[in-house]
8 protein chains.
Amino acid sequence: MADFIIDWERAARTGVSEAVMCSGKSPAQIAAIAAEAAKHGRRLLFTRLDEERFRLLEPAARDAMAFDPLSRTAILGGSVELRASGIGIVCAGTSDLPVAREAARTLEFNGLECALISDVGVAGLWRLTARLEDIRAFSLVIAVAGMEGALFSVVAGLVAAPVIAVPTSVGYGAAEEGRTALNSALASCAPGLVAVNIDNGFGAAAAAVKMLAARRGGA
Amino acid sequence: MADFIIDWERAARTGVSEAVMCSGKSPAQIAAIAAEAAKHGRRLLFTRLDEERFRLLEPAARDAMAFDPLSRTAILGGSVELRASGIGIVCAGTSDLPVAREAARTLEFNGLECALISDVGVAGLWRLTARLEDIRAFSLVIAVAGMEGALFSVVAGLVAAPVIAVPTSVGYGAAEEGRTALNSALASCAPGLVAVNIDNGFGAAAAAVKMLAARRGGA
Amino acid sequence: MADFIIDWERAARTGVSEAVMCSGKSPAQIAAIAAEAAKHGRRLLFTRLDEERFRLLEPAARDAMAFDPLSRTAILGGSVELRASGIGIVCAGTSDLPVAREAARTLEFNGLECALISDVGVAGLWRLTARLEDIRAFSLVIAVAGMEGALFSVVAGLVAAPVIAVPTSVGYGAAEEGRTALNSALASCAPGLVAVNIDNGFGAAAAAVKMLAARRGGA
Amino acid sequence: MADFIIDWERAARTGVSEAVMCSGKSPAQIAAIAAEAAKHGRRLLFTRLDEERFRLLEPAARDAMAFDPLSRTAILGGSVELRASGIGIVCAGTSDLPVAREAARTLEFNGLECALISDVGVAGLWRLTARLEDIRAFSLVIAVAGMEGALFSVVAGLVAAPVIAVPTSVGYGAAEEGRTALNSALASCAPGLVAVNIDNGFGAAAAAVKMLAARRGGA
Amino acid sequence: MADFIIDWERAARTGVSEAVMCSGKSPAQIAAIAAEAAKHGRRLLFTRLDEERFRLLEPAARDAMAFDPLSRTAILGGSVELRASGIGIVCAGTSDLPVAREAARTLEFNGLECALISDVGVAGLWRLTARLEDIRAFSLVIAVAGMEGALFSVVAGLVAAPVIAVPTSVGYGAAEEGRTALNSALASCAPGLVAVNIDNGFGAAAAAVKMLAARRGGA
Amino acid sequence: MADFIIDWERAARTGVSEAVMCSGKSPAQIAAIAAEAAKHGRRLLFTRLDEERFRLLEPAARDAMAFDPLSRTAILGGSVELRASGIGIVCAGTSDLPVAREAARTLEFNGLECALISDVGVAGLWRLTARLEDIRAFSLVIAVAGMEGALFSVVAGLVAAPVIAVPTSVGYGAAEEGRTALNSALASCAPGLVAVNIDNGFGAAAAAVKMLAARRGGA
Amino acid sequence: MADFIIDWERAARTGVSEAVMCSGKSPAQIAAIAAEAAKHGRRLLFTRLDEERFRLLEPAARDAMAFDPLSRTAILGGSVELRASGIGIVCAGTSDLPVAREAARTLEFNGLECALISDVGVAGLWRLTARLEDIRAFSLVIAVAGMEGALFSVVAGLVAAPVIAVPTSVGYGAAEEGRTALNSALASCAPGLVAVNIDNGFGAAAAAVKMLAARRGGA
Amino acid sequence: MADFIIDWERAARTGVSEAVMCSGKSPAQIAAIAAEAAKHGRRLLFTRLDEERFRLLEPAARDAMAFDPLSRTAILGGSVELRASGIGIVCAGTSDLPVAREAARTLEFNGLECALISDVGVAGLWRLTARLEDIRAFSLVIAVAGMEGALFSVVAGLVAAPVIAVPTSVGYGAAEEGRTALNSALASCAPGLVAVNIDNGFGAAAAAVKMLAARRGGA
């Protein structure tokens with residue numbers, strides 16, 4: 001009997017498809033879950049699956065997945081057609097890219113196209129202002145930044161769209177493994193700024209999926 | 001010359017009207033800001049204005065404001081017609097009501113009607129499940145809870161709408177002045193859950209306003 | 001002369017048998033303790049004994065132990081007949097299973113049978129409510145959860161039995177290596193909820209053993 | 001319409017009667033709750049009701065309550081006959097007495113008699129050992145201590161009964177407002193030790209009530 | 001005999017005149033220090049002297065001082081002619097003004113003129129960019145901000161001058177009494193950014209005085 | 001297309017040349033950046049490049065760099081003539097040398113000569129006082145210390161030059177990975193003391209470069 | 001019956017007389033303890049007794065005590081002849097004096113004379129070196145300092161006597177209410193440095209009393 | 001030229017011989033220091049030298065040292081005759097032995113004999129009381145304990161000798177890597193208890209050496 005219960009009804013209930021966080025799972029466990037999903041003909045998103053563990057999966061499991069080493073995600077069950085979402089991901093530095101792409105891959109898995117604008121950290125403000133018109137065109141912004149997380153306040157103060165802050169653990173010392181960027185997002189007085197957990201690109205995308213679903217069905 | 005600059009263009013730029021946080025401001029400063037707004041014929045929201053300080057305002061300032069002692073908010077410049085928003089505020093206990101109502105008043109100031117369901121903390125789960133049908137009908141949920149903040153996970157796992165968690169400083173000891181409820185919102189694996197600062201009812205409502213504006217203009 | 005003193009009278013004095021926590025002990029030290037126990041014809045529970053170190057023990061020591069890799073426990077000296085205890089272990093997610101099984105194995109070592117219900121985290125509340133009748137039948141509940149630990153409040157509010165919360169270090173970022181789940185257990189207003197240290201499945205079971213012993217001898 | 005919902009079925013559901021924590025409630029709110037209870041002919045326990053606020057209640061409310069200033073508790077609706085419980089409260093110093101008595105009063109409200117042994121902090125170990133025979137006779141111990149909380153380990157290592165630790169905020173500096181005593185209870189290797197929140201005498205007693213109920217109905 | 005030793009040689013040794021931090025000092029102690037300074041014909045700066053305590057000083061002491069209630073500073077011994085310094089103070093919000101002015105008053109006491117630009121917090125970036133030319137003209141910037149302290153990174157990335165960050169305790173919750181703004185200054189990757197203690201306007205100005213002295217004598 | 005944008009205009013804008021922090025970057029990424037710089041004929045400083053990763057670079061990249069294993073820095077593009085700067089680096093113990101030398105190498109990369117005085121921790125005060133005359137001759141001091149960071153206060157109280165404190169993560173237990181030394185720098189009442197992040201030798205040097213540039217152009 | 005048990009045998013058992021910490025005790029409780037001591041003809045030390053509460057004691061209690069407002073201590077039962085102890089108290093700033101004098105008064109109560117050297121904080125090192133000969137003559141040093149606590153390392157590195165560090169809560173922001181000074185004492189590599197709790201002048205003196213007693217009887 | 005300066009005069013100045021903490025030093029650096037000491041005919045103590053790094057030293061260096069793997073210490077230059085010291089080391093559990101033996105080895109290096117009593121943690125109080133007569137005979141106690149550190153309070157309350165607490169990093173979760181045991185030592189009200197840093201057996205012994213030296217020369 002399986003050691004796990006996949007919540008196949010999650011999408012119906014909450015609007016976001018079930019995903020499997022692989023940290024702490026063995027290659028055997030991951031392969032078993034993949035097999036279970038394949039058996040039911042379901043698509044499945046695997047997150048926090050680093051390349052080393054991916055290489056340890058059986059060839060059959062590996063072949064059935066579209067793996068992206070940078071974001072450490074794998075999509076099982078093929079791609080779906082993407083529709084325009086208006087979501088833009090804005091990313092402070094290249095070290096924040098793995099988290100930003102985890103968000104992008106989660107949106108993609110859920111059928112949503114998004115734009116990714118990277119390397120616009122505010123310590124070189126011209127990089128951000130050069131892209132401001134693009135950013136203002138988004139109807140929902142996912143902002144990804146570590147260190148001091150100043151990007152969150154600046155962006156949220158410039159755009160009409162709601163901004164979901166994803167603090168990252170990039171930095172050292174007083175960056176406190178992402179806590180400083182997280183606190184910056186929370187302590188900001190910029191309006192319309194909300195936050196998810198440190199390095200939680202998946203969570204930001206899941207919230208964006210729900211917000212878009214609400215829009216389509218909504219008030 | 002005035003000691004302050006009111007950001008009258010904020011609504012145009014970000015979709016959320018300027019508000020004045022009164023903590024740390026003297027009655028004279030508050031009255032001056034109110035006079036400035038009155039002069040320009042502008043509406044203004046005052047937050048964190050406790051009753052004691054409100055009573056110290058000059059009668060003219062007091063008379064021009066609609067004051068709500070529970071939420072410690074005052075609205076200057078009269079009410080606007082409210083339109084349906086689909087936003088529901090869900091509140092764990094009576095001690096969380098001041099923060100929940102700060103959110104409600106902010107929505108009201110921005111012309112949005114909302115429903116407030118209180119006393120549905122999960123330590124008595126029947127109180128929540130009894131109202132579940134109502135809660136599932138909301139297109140956006142603001143959840144307000146202190147102590148251990150278990151409400152956030154439970155609600156976000158039950159509804160399709162996105163959920164904005166507002167942790168409160170209600171509790172003692174290991175509640176760590178709201179930090180535990182905040183961490184609970186962030187550490188949860190329930191999809192579609194985002195958080196704002198401790199006791200920040202205003203911030204949750206401002207984010208909700210932006211999300212609704214995006215919906216109306218949006219994808 | 002031995003470097004350690006096994007507290008053979010502990011069971012008589014406190015009602016809980018001595019156990020050996022292996023973290024920080026070398027295979028040689030563990031084998032020596034096992035030999036000492038074998039010499040006295042005593043049973044002994046080894047905890048936090050990971051598979052790698054178990055494999056380094058001498059064959060004789062390994063053969064005398066019933067090893068369980070998931071819970072990282074080994075029981076030396078054979079099994080005893082189990083009697084019904086009324087204790088149920090309720091576990092939020094599969095990542096919490098090692099800790100949950102450490103509790104189960106400790107009960108087993110002390111001659112107590114228990115039920116283990118896993119994968120009932122409250123982010124998918126239906127999984128918990130589906131098992132509620134079973135859970136309400138327990139006369140003592142050990143609840144095991146990491147991340148935000150919302151399970152503790154929900155369960156303690158639903159059952160008449162006392163609930164021992166075992167927070168786990170499962171999660172990242174704001175989960176703060178188990179501190180958030182621990183604080184959630186402590187800050188909850190659900191009645192009858194007590195807590196043990198992070199990842200301390202052994203401690204929860206030891207407390208349960210004492211509670212049952214008090215019942216049989218008690219008021 | 002009332003602003004609050006008293007959970008009159010809590011006793012039936014969880015075995016512990018509803019109580020009202022008064023911190024943050026105004027005298028008017030407390031009086032309203034008392035009137036509501038009186039109307040339904042219910043008994044009610046009020047906690048964290050300091051003398052100053054009690055004096056501000058209307059005479060009718062005051063007269064209906066049995067107030068204890070040291071524990072800051074009031075019992076509405078008269079006393080019930082107490083039955084022997086086997087519960088003993090062991091208290092480190094006189095500064096911990098308010099919390100110890102909050103536990104005692106909660107037991108009394110629930111119809112349970114208990115013994116209270118105070119001033120047995122382990123810095124003068126003879127005070128504890130002089131009372132050891134009495135303490136060993138208890139079938140459940142509630143231990144109350146602040147500062148470094150060494151009492152918890154010592155008592156739990158000496159008795160067969162389970163021990164519920166109540167850390168208090170007594171102390172300064174490195175006592176960290178109770179966090180050190182709490183961590184001491186959790187980090188101890190003494191078997192059968194569980195903990196509740198800092199200063200939570202009520203919670204310890206509520207857990208004890210549930211444990212006794214389980215015994216009477218139990219395995 | 002006096003209870004205190006004023007370090008009259010401090011200016012000679014370190015280039016910064018002695019100042020007296022009044023927090024924790026009684027009006028009598030402050031008056032005695034003022035009298036001692038007057039006797040030696042010395043100028044003296046008093047910081048953290050709130051208006052209430054200032055009003056309790058003897059009239060003679062009060063009359064000898066130039067008191068500024070906003071910055072809670074008093075200068076004894078008259079003003080000196082100010083010379084141009086090139087130092088600019090940039091301040092995020094009006095709540096940060098007391099700290100900003102403590103810096104300005106300290107510079108003034110040391111004979112240095114400075115410019116103060118307030119209300120340029122980055123949540124409304126246009127306020128900052130509107131003043132950018134002025135700010136770029138400074139040869140040393142003191143930046144004062146609370147909450148998330150995003151101002152520090154943005155300014156340091158835009159100007160060639162070194163930037164001294166003064167985090168303030170303005171904010172609540174995740175602002176952690178200034179710790180978040182402080183960490184933001186330290187964790188930033190903007191070049192040339194250094195920090196002083198929370199609310200330490202005096203310290204920033206003292207460092208600026210030393211930097212200018214080094215320039216005049218320097219390489 | 002390149003995955004990164006080198007901010008070649010940074011020196012012009014802020015007075016400090018762009019540098020590349022290598023922690024978290026793969027050898028391939030580092031080599032690509034080096035190639036890009038070489039193509040543009042630019043000099044570049046690499047920091048946090050440990051010897052192991054340096055050895056994994058392609059020979060061409062390695063040959064183009066002047067690598068210093070102690071400071072984990074590499075300079076690409078050759079050396080420039082150094083001019084006297086008046087900057088002195090003062091270092092508490094040999095364990096702090098890697099950070100001290102990161103500062104020295106950054107100054108060197110920016111064309112500034114500096115003196116480095118090591119092993120003058122204040123627990124053996126004679127070591128510091130023996131070098132005091134030299135230290136007092138500096139026009140700007142970078143002080144590097146871990147553990148309790150007492151060096152910062154002592155030096156800043158003895159010299160007229162401004163002092164930039166670089167706390168290091170040297171130490172254990174209560175040293176809290178550099179936080180204690182950092183707090184010591186910030187909490188000191190010694191005038192003219194400013195701080196950068198833990199282990200941030202680069203940041204201290206960058207601030208020093210800006211301070212010197214301001215001197216040469218300045219007031 | 002008395003609510004408290006005075007440990008009259010403490011001096012015999014541990015070499016340090018019982019003392020009464022008054023924080024949290026009412027004037028009535030303090031007076032009762034004083035009366036009990038008077039009845040037994042015992043001397044008693046009261047600590048943390050602020051002037052306001054002392055004034056509320058009955059005249060009889062007040063008259064029997066020698067009260068010192070600065071240290072907030074009172075000695076009941078008259079003075080004893082003091083003998084030379086070789087103990088010196090070294091104090092960083094005037095704000096640390098209350099704690100330093102609590103130590104001095106405790107020594108005095110135990111019959112030991114001591115010297116008190118104040119205002120020798122290391123930010124003005126000459127103040128310390130000017131008194132170094134005196135300090136080196138002590139056979140045991142109690143060092144009292146707040147803020148960054150650099151005094152502890154400097155003194156312990158200069159003297160052959162053991163040094164007991166008493167960190168104080170003097171300072172703000174990064175001083176973290178004494179935690180930084182405490183950590184500085186603990187993280188220092190100066191030999192022979194030990195620490196007591198923040199603001200615990202009594203504890204330092206009690207340890208000194210034990211150390212001296214051990215000397216007289218000792219090896 | 002050597003990269004380090006050995007403080008050969010330390011013993012003369014402070015009464016404690018120089019020691020070398022090896023953490024962070026390479027085998028080459030350690031060997032160089034050993035050679036330098038050998039050249040001067042000096043004895044030297046190496047601490048935190050784990051077996052793996054010791055094995056990497058050149059045979060000549062290894063042969064000149066008396067290495068103890070448990071305490072990770074090596075003594076260079078031969079042993080000295082030990083004299084009775086009256087110092088006793090009391091150790092809670094076997095996991096604390098490495099730290100306890102670091103203290104013992106440091107005393108031995110300084111020519112002092114000591115007794116080591118292990119496995120007397122207070123969770124099994126009988127183990128401590130069985131050895132109480134021995135412990136009371138010591139004129140100075142070094143107490144070593146991790147987890148909740150209850151041993152410190154219990155011992156300090158039972159003996160007339162001063163007690164130096166050495167908290168260890170033994171434990172997990174709420175033990176907070178030694179911080180809980182450290183706080184327990186500091187927050188205790190047991191008289192005559194002082195503390196050193198977590199795992200700092202060397203520091204406790206160094207303080208003991210100074211205390212004994214003061215006794216022999218002292219008052």
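Chain A is the first sequence line, chain B the second, and so forth, proteins listed ahead of strands; every chain is numbered from 1.
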Worksheet item: Could you state the interatomic distance from CD (C/Glu148) to OG1 (C/Thr180), rounded to the nearest 0.5 Å?
Response: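 The OG1 atom of C/Thr180 is 9.5 Å from CD of C/Glu148, to the nearest 0.5 Å.
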Worksheet item: How far does CG of D/Asp134 sit from CD1 of D/Ile117, to the nearest 0.5 angstrom?
Response: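 With rounding to 0.5 Å, CG (D/Asp134) is 5.0 Å from CD1 (D/Ile117).
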Worksheet entry | Toward chain C, the part of D/Ala161 with a non-hydrogen atom under 4.5 Å |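 When you check distances to chain C, only backbone atoms of D/Ala161 fall under 4.5 Å.
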Discussion item. I'd like to verify something: which residue of D/Leu140, D/Ile164, D/Val196, D/Leu193 has the highest number of heavy-atom pairs under 4.5 Å with chain C?
Written reply: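 Top option by heavy-atom pairs under 4.5 Å: D/Val196.
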Worksheet entry | Pairs of heavy atoms under 4.5 Å with chain C: top-ranked of D/Ile87, D/Asn183, D/Asn200, D/Ile198 |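 Ranked by heavy-atom pairs under 4.5 Å with chain C, first place is D/Asn183.
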Worksheet item: Would you say the side-chain atoms of D/Thr106 pair up with the backbone N or O of D/Ala205, donor to acceptor, closer than 3.5 Å?
Response: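 Such a contact is absent between D/Thr106 side chain and D/Ala205 backbone.
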Practice prompt. For the residue pair D/Thr168 and D/Asp96, confirm or rule out a side-chain donor-acceptor distance under 3.5 Å.
Written response: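 Judged by distance alone, the side chains do pair up.
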Practice prompt. Against chain D, work out which of C/Ala185, C/Gly157, C/Gly203, C/Ala187 has the most heavy-atom pairs shorter than 4.5 Å and name it.
Written response: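 The answer is C/Gly157.
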